[in-house]
Amino acid sequence: MNLKMIARTSIAFMASLQFTAFAADAPKEEVEPPIVQPGKATQPPSDAIVLFDGHDLSHWSGAQGGDAKWTVNDGVATVNGTGSIRTREEFADVQLHVEWATPAEVKGDGQGRGNSGIYLQGRYEIQVLDSYNNKTYFNGQAGSFYGNFAPLVNASRKPGEWQAYDIIFHPPTVGADGKAGEPGSFTVLHNGVLVQDHIPVKGATTAAELQGAAAAGPLILQDHGNPVRYRNIWIRRLGRSR
Ligand code: MG
């Protein structure tokens, strides 16, 4: 290894240390994610479970039981104040694709504008929010692992425009005491742009209707009182849960 290579290696090592410190401090970070212009979305692959193809919510129930009551029209499911909805099936390790749009008519600000959310295992929320020219705390904006990690960049489209999340999720393992063991991971692309890069799931998690670590759990879409729209939702089971 020549001097140049040693220098390069130590710079890379120091950068990785810096990233570790940055990740550990993520909930308190004060650096605003830069804005990136996103590309286009995708169709389901052949081995996906299609959770919503635009016709009905038969794969879903109300988060508290009963049928899912969100409005389905023109291939789109819209949050309508009837409460969050959950998949009838439960999942562990998954690749998930969800398309969503916040209201074209901008109302409210911060967390009150186009708020919804996608809870993996009903527990860990990837935030859905209108984050186009809408300031809020960074680990609560679109693409955040809510309350934990801000997105690396802000890849938000304008209000009313369709956006996509592609999420690769590995849940924390469950110890004998029922608590989280190994941390698991989230990787999230927002409109095709990497916003969460293999971040740990372990730690302060956002409790929705469910609490604690689990081997499997439902996907929950949040009703936060804003008429957010959803379409083209599909999921692939990964690894040990296939
Ligand atoms: Mg939310």
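One-based numbering, in listed order, for ligands and for the atoms of each. As the structure is a prediction and not an experimental result, all values here were calculated from the model. When reading the values below, keep in mind they use all heavy atoms of this one structure, side chains included, and skip hydrogens, waters and symmetry mates.
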J.: Establish, yes or no, whether the cationic atom of Arg231 lies under 6.0 Å from the six-membered ring centre of Trp162 and within 45° of the ring axis.
T.: yes
J.: Checking salt bridge (Lys or Arg N to Asp or Glu O under 4.0 Å) for the pair Lys135/Glu32: CA distance, chi angles, key distance, verdict?
T.: CA-CA 10 Å; Lys135 298 285 184 194; Glu32 180 168 8; 2.4 Å; yes
J.: Out of curiosity, does Ile199 fall in the hydrophobic cluster containing Ile118 (side-chain heavy atoms, cut-off under 4.5 Å, transitive links)?
T.: yes
J.: Keeping waters out of it, list the protein N, O or S atoms under 2.8 Å from the Mg ion (ligand 1).
T.: Asn115 OD1, Ser116 O, Glu125 OE2, Gln127 OE1, Gln222 OE1
J.: Check side-chain contact (heavy atoms from CB on, under 4.5 Å) between Thr82 and all other residues, then give those that pass, not counting sequence neighbours.
T.: Lys69, Trp70, Asn80
J.: Taking Asp130 first and then Lys107, would you say they form a salt bridge - that is, a charged N and a carboxylate O separated by under 4.0 Å?
T.: no
J.: For the pair Asn154 (side chain) and Ser156 (backbone), establish whether a donor and an acceptor sit closer than 3.5 Å, ignoring hydrogens and angles.
T.: yes
